[in-house]
Amino acid sequence: MVTKRRAGRLPEAYLPLPPATFHILLALADGELHGYAIMKGVAARSEGSVRLGPGTLYGSLKRLLKAGLVEEGGERADPERGDERRRYYRLTQLGLSVVRAEARRLDAMVRAARRKKLIGVRPA
Amino acid sequence: MSAERIYRLLLRAYPPDFRAEYEREMVLLFRDQCRESDVRTIGFWAAVIWDIARSAAALRAEATRTVEVIMKLAAILTVLLGAFGILGAMNEWGAASQHAGTYVLAIVLGVAASLLLLGAGVAILRQKRQAARLALVASLVCFVAARLVFPWMSIFLQLIGFVLPVGLLIVLYWPRKSSTLGAASIVLVGLAVPQLCRAQALPLGRWTGSAGPMDRPAAYPFTLDVTAVGDSLQIMLHPETGDDYRLDAIRLRGDTLGFTLLLAHALPPGDLPGGAHGVRCMLLRQGDRSYTGTCTGPDGMRSDLRMVPPGSTQAADTVRDLPLTAAQRQSLRSCSTPVVRQGSQGAGRTES
């Protein structure tokens with residue numbers, strides 16, 4: 001549950017996000033996921049450059065839950081894996097706003113780098 | 001030993017509450033990793049250990065942030081105690097019937113120390129650590145100075161004045177770095193603690209004194225044995241002639257000492273106590289550390305009384321004034337001067 005205090009805080013107040021946190025929020029933007037699915041999603045999206053271990057992943061999730069950016073979506077077995085019940089996590093409205101704000105911030109930085117021709121010109 | 005078992009052992013690096021919440025999920029995730037990786041490679045275990053070392057350290061550091069919450073509570077307490085210290089100093093001022101130079105200085109120092117303590121509490125609340133440290137050290141210095149010029153503070157005020165600032169200084173410096181200032185404050189409290197034991201104290205040992213009718217030179221000499229019994233003070237009055245008395249209902253507040261004289265021994269049934277039994281005395285501390293005042297009997301008769309602490313030159317003078325033989329005089333000198341030395345002798349406390 002997002003407390004009144006958290007709800008009153010602007011998304012920009014959470015920025016900049018640590019890379020692992022941004023990747024987790026980005027993964028959860030697709031919908032509810034359990035820990036292993038988040039880990040796989042992050043590894044796939046970053047083409048293997050970001051690998052979250054269980055400690056880093058659950059440490060970050062703990063902080064995100066506390067900050068009200070993520071909430072638990074209950075426990076159930078993964079239909080694809082069909083094993084033990086797993087805890088699922090999803091973005092809150094605040095978490096969505098924060099990941100959007102961080103994406104905008106990074107986008108602005110990338111555009112600034114492009115203007116200075118530090119990275120390639122965006123293809124038309 | 002299976003990889004999962006090793007992993008469970010490694011998970012002990014995490015704070016217990018985190019483990020209770022996430023251990024099962026982490027083990028499930030580790031199982032998934034094991035299915036997709038070769039657990040026999042060094043690379044796999046290096047990644048596992050790196051992940052645990054990094055995240056466990058961060059989580060443990062977060063757990064210690066509860067110290068900050070405790071610091072906030074301590075800061076609020078400091079503000080309240082600072083205010084209490086100011087009120088205590090004002091109360092002390094009101095309780096005193098004479099305002100000698102050193103007494104005024106002690107009160108001013110006490111108020112300054114309390115104000116600085118209050119400021120330190122506010123600084124901690126506003127996370128101005130450096131300002132808080134300076135205020136605490138200054139408060140400590142003021143309090144030590146006040147205690148030195150006026151040794152009759154209540155034990156509670158002294159605990160606030162000494163122990164609280166030093167405790168806060170230790171917390172404010174630890175564990176970031178050691179510092180000369182922090183070390184100096186710890187040394188300061190080490191020196192101050194023995195002084196604390198002398199709170200609300202009368203020097204122990206054999207006092208001398210005299211009593212007599214109001215405004216009359218004739219005096220009845222006596223000696224007083226001041227001893228500490230546990231946390232209390234026991235004072236026995238031995239007149240040169242007649243029965244011994246014990247001092248009852250001793251009150252030491254500000255520079256005023258009050259007590260009631262009661263016969264030291266039980267009377268046979270039917271006998272009524274006479275002499276000085278039931279006399280209530282109220283004495284004022286003088287500049288030479290002696291106490292002088294008046295005693296009022298149950299019948300309203302009043303007399304003067306003077307008590308001179310051991311170890312002072314006044315004690316010897318008083319003994320000299322008394323109608324004693326040379327041997328008796330020497331006996332009193334030998335039992336008072338070497339036995340009780342101001343600052344080196346233990347002392348008992350009175351009720352305040």
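Order of the sequence lines fixes the chain letters, A, B, ..., with proteins taken first and strands second; residue numbering starts at 1 for each chain.
A 4.5 Å side-chain heavy-atom check between B:Val27 and A:Glu84 finds every atom pair outside the cut-off. At least one side-chain heavy atom of A:Arg63 sits less than 4.5 Å from a side-chain heavy atom of B:Leu59.
Between chain B and the options A:Gly35, A:Ser60, A:Pro54, heavy-atom pairs under 4.5 Å are most frequent for A:Pro54. Looking only at heavy-atom pairs under 4.5 Å with chain A, the residue among B:Phe30, B:Trp50, B:Phe18 that has the most is B:Phe18.
Taken from OH in A:Tyr58 to CZ in B:Arg24, the straight-line distance is 9.0 Å, to the nearest 0.5 Å. Note that the CZ atom of A:Arg86 and the CG atom of B:Leu29 stand 7.0 Å from one another [nearest 0.5 Å]. Residue A:His34 holds its NE2 atom at 9.5 Å from CG of B:Leu28, rounded to the nearest 0.5 Å.
The neighbour count for A:Arg51 CZ, taken as heavy atoms of other residues, nucleotides or ligands under 6.0 Å away, does not exceed 12. Counting heavy-atom neighbours within 6.0 Å of B:Ile42 CD1, excluding the residue itself, gives a total of 12 or less. Remark: A:Arg76 CZ is packed, more than 12 non-hydrogen atoms of other residues, nucleotides or ligands lying under 6.0 Å away. Around the CD atom of B:Glu36, the shell of radius 6.0 Å holds more than 12 heavy atoms that belong to other residues, nucleotides or ligands.
Looking at B:Arg35, only its side chain comes within 4.5 Å of chain A, counting heavy atoms on both sides. With a threshold of 4.5 angstrom between heavy atoms, B:Gln33 approaches chain A through its backbone and through its side chain.
Of the possible polar contacts, one joining the B:Glu25 side chain to the A:Arg87 backbone as a donor-acceptor pair under 3.5 Å is found.
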